[in-house]
Structure formats: C-alpha cells, structure tokens
Amino acid sequence: MALSVSYFAWVRERMGIADEVIDLPAGVADVAALVGWLAARDARGARAFAEPERIRAAVDGVMAGPGTAIDGVREVALFPPVTGG
Amino acid sequence: MALSVSYFAWVRERMGIADEVIDLPAGVADVAALVGWLAARDARGARAFAEPERIRAAVDGVMAGPGTAIDGVREVALFPPVTGG
Amino acid sequence: MIRVAVQPAAIDVAGELDLHDAGGHGATASFVGRVRGEGELTELFLEHHPVLTAAGLGELAHRAADRWSLAALTLIHRVGAMAPGETIVLVLASSPHRAEALAAVEFLIDRLKTDVMLWKRERFADGREQWVEPRAGDHGRAERWD
Amino acid sequence: MIRVAVQPAAIDVAGELDLHDAGGHGATASFVGRVRGEGELTELFLEHHPVLTAAGLGELAHRAADRWSLAALTLIHRVGAMAPGETIVLVLASSPHRAEALAAVEFLIDRLKTDVMLWKRERFADGREQWVEPRAGDHGRAERWD
C-alpha cells in the first residue's frame with residue numbers, strides 16, 4: 001500500500017527529507033506501528049523516532065493518536081508537539 | 001466655615017451649578033449631614049439629593065463614604081455612581 | 001513606561017500602538033472601547049473631574065504595574081462629546097508573558113467602570129438625553145480583583 | 001466577519017485594525033505577540049503545514065465565534081523567518097460586550113499554543129539553532145477552556 005508520509009520541524013531535519021511515499025508492509029496498522037517501523041528502517045529513522053512519546057501525528061488531515069488506524073489512508077504527517085502562538 | 005462644593009453629572013444638572021462656596025453651619029459634621037443639609041436648603045437641593053443612597057463623594061480629592069468627617073476640609077465633590085470605561 | 005491621558009481629542013489607536021511598541025515587547029494585549037450606535041444614539045457625552053479623573057487613572061495604572069510584570073502600559077480615556085463608532089477608551093499592556101498582559105488589560109477595563117470619576121450621558125435622535133446608570137454586573141466584575 | 005491568515009509577509013497591525021474596525025463594534029480586544037530578543041536571539045523561524053495550519057486556525061476561529069457573541073474576529077499568524085521585535089501573531093475580537101471580546105482573545109491565544117500546527121526554531125548570534133520545546137504551562141492554560 002502506497003502511503004504519503006510528511007515530516008515537520010526536528011522530525012523533518014532528522015529524517016533529512018520533508019516527505020516521501022512509502023510502500024507499507026502488511027501488518028503496520030496504526031500510527032504507533034508506523035513510527036516503530038520508521039525507527040527500525042534506518043539510522044535516520046532511528047534518530048527521528050528514538051522517543052515515540054514525543055511524536056504527534058495527523059492522518060488524512062485530522063489529528064490522530066498512536067492507536068489511530070492507517071489502513072487505507074492517503075497521508076500521515078509526523079511531527080513534534082506544536083509551539084505556535 | 002467656608003467649604004468648596006462641586007457637583008457632577010445629574011447632580012450638577014439638578015443643582016443648576018457646577019460648584020459653589022458654602023458657609024457651613026456648625027453641626028454639619030460629615031458627608032451625610034452635608035447631603036441632608038443641601039437637600040433641605042432649597043428646591044434644587046431637594047431634587048438633586050432626594051435619594052442620598054445614590055450619591056457618592058470625594059473629600060479633598062479622596063473617595064469618601066457618608067460618615068467621612070468634613071470638619072476642616074477644603075472641598076467636597078458630590079456625584080452619582082461612576083459609569084466610565 | 002506608563003502613559004496615562006484624559007483627553008477631549010480623538011484617540012489615535014494606531015499612533016498610540018506605535019508609541020507603546022517602541023520597546024518591542026514580547027506580548028501586547030489591548031482593549032478598545034467604542035461608542036455603540038444602538039437605539040438611535042446620536043451622541044455620547046463623557047463628563048470628568050478636572051483633577052480626580054486623571055489621578056484615578058494614574059492610580060489604577062500604577063496598581064496594575066505593581067501587580068503584573070509589565071514592560072509598558074497605556075491608558076487613554078476620552079472625555080466630552082463623541083459620535084457612534086468613536087473610541088472612548090484604549091488600554092494597552094505589554095509583558096514578556098502573555099498571561100500577565102491579558103490579565104492587566106482585563107483588570108484595568110473592569111476597574112475603569114467602577115473606580116474612576118467619569119459619567120456617561122446619552123443623547124438620542126429624538127433629542128432625549130439620559131445619564132447612563134451603572135450596571136450591576138460592572139461591580140461584580142470589578143470585585144473579582146480584590 | 002471572520003478573517004484568518006497564515007502568511008510569510010510582515011503583519012500590518014494598524015492595517016488589520018482598520019480592516020477589522022470597519023463595522024464600528026462596541027469593544028475590541030486584541031493580542032499582539034512579538035519575537036523577543038532574549039539570549040542573543042537573531043532569528044525566529046516558524047515552520048507550518050501547507051494545509052493543516054490554516055485549517056487549524058480556521059477551526060479555532062469558528063469555535064470562538066460559536067462560543068462568544070462576536071461581531072468580528074481576526075486571526076493572523078506569520079510563518080517563516082523573522083527578526084526580534086517583529087510580530088508573530090495578531091488576534092482581534094470585537095463584541096458588543098467587553099467580557100466576550102476579552103475571553104475570545106484569551107481562548108484563541110491559549111489554544112494557538114497547543115492546537116495549531118506551528119513549530120518555532122530559534123537561531124542565536126553564535127550560529128546555534130534549537131527547536132522550541134512546548135512549555136508545561138501552555139497545556140494547562142489551553143485546558144481551562146475544555
């Protein structure tokens with residue numbers, strides 16, 4: 001399944017890219033699993049996602065938790081807690 | 001004793017003057033007594049001070065209550081509750 | 001910097017903001033009160049005491065500056081006759097901390113209604129005039145700060 | 001009238017105030033957040049999401065408009081690189097009732113810190129860069145509104 005994944009702030013810096021299209025293996029069913037899969041994939045992912053509790057996500061434009069399903073979605077954004085205002 | 005008395009808002013309108021100097025008789029010792037004396041003095045005073053509970057005062061530039069002594073003070077301002085802001 | 005004024009001239013909000021901003025503070029909260037044109041109101045007249053009104057505003061400003069950590073404070077009240085849409089009062093408070101700037105503005109606007117010698121008179125299209133009565137809620141809001 | 005913008009261009013506070021004021025509302029509360037120049041900060045960079053940042057601001061604005069009786073609401077957030085003293089965020093809320101205007105501004109500025117996809121990065125005189133960490137107090141302030 002092809003999934004668009006985008007990264008923001010220090011997650012983007014550590015990944016070295018702003019977005020990519022991933023061919024997601026079966027069994028990676030929710031946000032937490034995606035984060036774990038990215039952390040295990042390579043050194044950049046290991047650095048970006050070393051502390052999964054500091055990662056927030058939006059799934060198809062809606063704020064999501066670690067347990068949010070990603071089956072059939074088009075895009076996931078991964079980022080640190082926001083600091084606007 | 002000569003006392004400057006000034007009036008504001010509808011108190012001023014009902015009195016028909018903005019300020020006056022009063023030769024205060026002995027025994028008029030506090031703000032409440034002054035208001036009562038003005039109400040008894042003439043028709044304008046009776047109209048302006050018909051409801052003494054709606055009158056506020058400043059004595060020599062400091063907010064004062066009905067029991068504030070006016071013995072020896074230079075000026076008293078009499079006015080309705082404020083409505084600024 | 002504390003700036004307090006009681007003035008019959010129109011309040012120049014953008015100009016006051018520029019003056020106030022000179023320091024480049026972290027957070028600026030403000031309040032602008034304007035004459036509402038409800039019920040065919042044609043004029044609002046604001047009466048003041050030549051000495052005590054300015055003194056009262058100055059005291060409020062200093063009380064706010066004692067209570068919150070403020071880099072700058074502006075408190076301007078217009079007096080005399082004004083038309084619907086014109087600005088009656090402007091409060092600007094700046095602080096490194098947004099919560100302090102917001103609290104100071106709220107304190108000042110609440111207290112202005114109850115603590116400063118100012119009286120509003122309304123004139124309507126039919127020529128009728130009336131002095132504004134204080135609203136019960138104003139005292140409740142002002143007392144929150146005691 | 002609700003106006004929401006996410007822009008790399010400088011925020012024109014006086015111009016926005018004029019736009020917002022067009023209706024001559026009773027009470028206008030505002031908040032201006034600016035880049036502080038502490039600790040030899042030379043640049044603040046604000047990263048945003050091309051779609052979700054504006055959507056989040058729009059949602060917040062409509063939530064405020066549902067909750068309080070507002071005649072007008074302006075919510076402008078700057079993004080990209082900015083220098084100390086420049087304006088990051090502007091909130092303007094007008095209402096016939098001052099308490100509603102003030103509450104709406106406070107709600108929006110609290111929620112902006114926690115609900116909208118924006119990330120701050122600081123650069124210092126020695127070339128060092130760091131992403132700003134959220135402050136524990138921000139979440140406490142934002143949750144007051146739930």
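Letters go in sequence order (proteins before strands), and every chain restarts at 1.
Of all heavy-atom pairs spanning C:Ala61 and C:Leu73, the tightest one is O-CD2, 3.3 Å.
Between chain C and the options B:Phe8, B:Phe79, B:Trp10, heavy-atom pairs under 4.5 Å are most frequent for B:Phe8. For the options C:His77, C:Arg135, C:Lys120, heavy-atom pairs under 4.5 Å to chain B are most numerous at C:Lys120.
B:Ser6 contributes no side-chain N or O that, together with a main-chain N or O of B:Asp19, makes up a donor-acceptor pair within less than 3.5 Å. Looking only at distances, a side-chain donor or acceptor of C:Gln7 sits under 3.5 Å from a matching main-chain atom of C:Ala10. The backbone N or O of B:Ala29 lies less than 3.5 Å from no partner atom in the side chain of B:Asp71, so there is not a single donor-acceptor pair. Here the side chain of C:Ser94 pairs no donor or acceptor atom with the backbone of C:Ala71 at under 3.5 angstrom.
Only the side chain of B:Ala58 comes within less than 4.5 Å of a heavy atom in chain C; its backbone stays farther off. When heavy atoms are compared at a cutoff of 4.5 Å, B:Arg56 does not approach chain C at all. Both the backbone and the side chain of C:His49 come within less than 4.5 Å of a heavy atom of chain B.
Along residues 99-119 of chain C, the residues that come nearer than 4.5 angstrom to chain B, judged on non-hydrogen atoms, are C:Leu112, C:Lys113, C:Thr114, C:Asp115, C:Val116, C:Met117, C:Leu118, C:Trp119 in order of number.
Between B:Arg44 and B:Glu20 there is no salt bridge, since none of the side-chain N atoms of the basic residue sits less than 4.0 Å from a carboxylate O of the acidic one. With respect to the salt-bridge test (charged N to carboxylate O, under 4.0 angstrom), the residues C:Arg121 and C:Glu47 do not qualify.
In this structure, C:Trp68 and C:His97 have side chains that are not in contact, with every pair of non-hydrogen atoms separated by 4.5 Å or more.
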